[in-house]
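Each remark here refers to the structure printed beneath this line.
Remember, it's a predicted structure, so these values are computed and weren't measured experimentally. Proteins get letters first, then strands, A, B, ... in listed order; numbering begins at 1 in each.
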Number of protein chains: 2
Amino acid sequence: MASRSADPKGSSQRNGGGTPSLDAVSLAIIEQLQEDGRRPYAAIGKAVGLSEAAVRQRVQKLLDQGVMQIVAVTDPLTVGFRRQAMVGINVEGDVEAVADALTDMSECEYVVMTAGSFDLMVEIVCEDDDHLLEVINQRIRALPGVRSTESFVYLKLKKQTYMWGTR
Amino acid sequence: MASRSADPKGSSQRNGGGTPSLDAVSLAIIEQLQEDGRRPYAAIGKAVGLSEAAVRQRVQKLLDQGVMQIVAVTDPLTVGFRRQAMVGINVEGDVEAVADALTDMSECEYVVMTAGSFDLMVEIVCEDDDHLLEVINQRIRALPGVRSTESFVYLKLKKQTYMWGTR
DNA sequence: TTCGATACTCACGGATTTCGTAGGTGGCCC
DNA sequence: GGGCCACCTACGAAATCCGTGAGTATCGAA
């Protein structure tokens with residue numbers, strides 16, 4: 001169960017940390033699915049040099065391990081969420097605790113701990129200005145440990161890709 | 001062929017701007033695919049109250065229109081990109097021109113125009129520190145119109161979802 | 001009101017894909 | 001060597017995909 005990071009064909013790169021590493025073949029599979037999440041296993045197999053079943057098993061494992069997920073993504077504006085913002089947050093005390101609290105909020109779509117003049121950056125997706133105001137002022141600022149926040153309201157989303165590796 | 005944003009069952013919301021609007025059914029379809037991008041059309045149809053063929057046609061249209069894409073997403077750290085950063089940028093002159101230039105850079109995964117103390121925010125995905133440094137100092141700062149930048153290096157990604165609507 | 005366009009349902013059949021499973025192979029450790 | 005484990009290939013059955021055509025309902029414009 002411990003996911004020992006096997007090394008099938010010898011053609012993989014060394015793995016440092018605790019996260020399960022990926023060999024070149026899995027990378028290639030992910031690339032294929034980044035282009036089209038519904039691409040058939042057989043087509044992927046042809047592209048990466050594996051049988052259909054092998055691809056299927058690898059994909060299943062990647063999904064199970066949480067390394068990858070196959071999902072629909074949209075521009076939130078198109079889907080009726082008219083206000084988005086990035087919020088920079090400064091924390092006193094336990095940053096991770098604040099991050100966990102933010103993670104539990106459904107409006108927070110993206111939570112990351114950073115180095116720099118903010119401790120946390122959070123992307124907020126809201127339906128309108130009232131909603132956004134409430135989330136930032138009532139909920140985020142109310143969290144214990146939050147010292148200050150700074151908001152960057154989105155005017156226009158110019159780019160949004162998921163194509164790492166395809167370059 | 002012109003795809004005029006029809007209004008099938010009368011149960012849709014009005015559409016203001018240029019972007020094609022989405023009725024409740026398409027929203028529901030997107031939700032299904034946000035949970036599992038490979039869910040079969042028949043299963044989606046059962047969930048949203050449409051036939052398999054209708055779902056198929058809607059999904060195809062949503063993809064063609066660019067409203068939605070079905071892709072694999074990963075935590076970049078797992079895939080070998082060890083340094084990520086959010087970069088806030090101040091611009092003098094044409095903000096959109098700078099944004100377009102950033103959009104063309106493969107390391108910029110996310111580009112958004114904002115209101116607040118930054119004009120642009122950009123998410124950068126790099127392989128290591130050298131790469132990150134080069135992108136920020138050599139390439140971004142070199143763009144005409146870029147007045148200043150501020151970087152927030154990612155320490156830990158806590159949350160990353162694509163579940164708008166599923167709430 | 002009538003016409004035209006759009007979108008849906010239902011149906012069908014062939015091609016393709018998915019899925020479970022059985023069997024083979026190579027590396028690794030005792 | 002022998003056992004073990006992870007990974008692969010192979011194959012058949014079941015399910016899904018996909019193009020297609022006919023008939024119906026709704027809406028907006030002439």
Length of the line joining A:Gln57:CD and D:dT9:C1', which is rounded to integer Å: 9 Å
Need one value for B:Gly49: base, sugar-phosphate or nothing, where a base atom within 4.0 Å counts as base even if backbone is also close, heavy atoms only. sugar-phosphate
Could you tell me the separation between the CZ atom of A:Arg39 and the C1' atom of C:dT16, rounded to a whole number of Å? 16 Å
Which of D:dC11, D:dC18, D:dT9 is nearest the side chain of A:Ser51? It is D:dT9
Grab the CZ-P distance between B:Arg56 and C:dT17 for me, whole Å please. 15 Å
Salt bridge present between B:Glu96 and A:Lys156 (N-O < 4.0 angstrom): yes
Salt bridge flag under 4.0 Å for residues A:Asp23 and A:Arg58: yes
If Ile, Leu, Val, Met, Phe, Trp and Tyr residues are connected whenever their side-chain heavy atoms lie under 4.5 Å apart, and connections chain through other members, are B:Val112 and A:Leu132 in the same group? no
Using both pair distances under 3.5 Å as the test, note the stems of at least 3 consecutive Watson-Crick or G-U pairs that include DNA chain D. C:1-30 with D:1-30
Take A:Ala43 and A:Ala53, find for each the nucleotide of DNA chain C with the closest heavy atom, and name the residue whose nucleotide sits nearer the 5' end. A:Ala43
Among the nucleotides C:dC19, C:dT17, D:dC18, which one has an atom lying closest to any side-chain atom of A:Ala42? C:dT17
Would you call the rings of A:Phe118 and A:Phe152 parallel, tilted or perpendicular if under 30° counts as parallel and over 60° as perpendicular? perpendicular
Less than 4.0 angstrom between a side-chain N/O of A:Lys61 and OP1 or OP2 of D:dA6, yes or no? no
Between P on C:dA7 and CD on B:Gln60, what's the gap in Å once rounded to a whole number? 14 Å
Taking the minimum atom-to-atom distance to the side chain of B:Arg58, which one of C:dA7, D:dC18, D:dT16 wins? C:dA7
For DNA chain D, whose closest nucleotide is more 5', that of A:Arg38 or that of A:Ala54? A:Ala54
Of the options B:Glu123, B:Gln160, B:Lys158, which is the one that meets A:Tyr110 in a side chain to side chain donor-acceptor pair (under 3.5 Å)? B:Glu123
Which distance, rounded to the nearest 0.5 Å, do you find between the CD1 of A:Ile89 and the OG1 of A:Thr149? 7.0 Å
Can you tell me how far C1' of D:dA6 sits from CG of A:Leu62, to the nearest Å? 15 Å
Of D:dC8, D:dG19, D:dC17, the nucleotide closest to the side chain of B:Tyr41 is D:dC17
Could you tell me the separation between the CD atom of B:Gln65 and the C1' atom of C:dT6, rounded to a whole number of Å? 13 Å
Can we say A:Arg139 and A:Glu107 salt-bridge, meaning some charged N sits less than 4.0 Å from an Asp/Glu carboxylate O? yes
To the nearest angstrom, the CG-C1' distance between A:Asp36 and D:dC17 comes to 14 Å
Among D:dG19, D:dC17, D:dT9, which is the nearest nucleotide to the side chain of A:Leu50? D:dT9
Could you tell me how far apart B:Glu52 (CD) and C:dA7 (C1') are, to the nearest whole angstrom? 15 Å
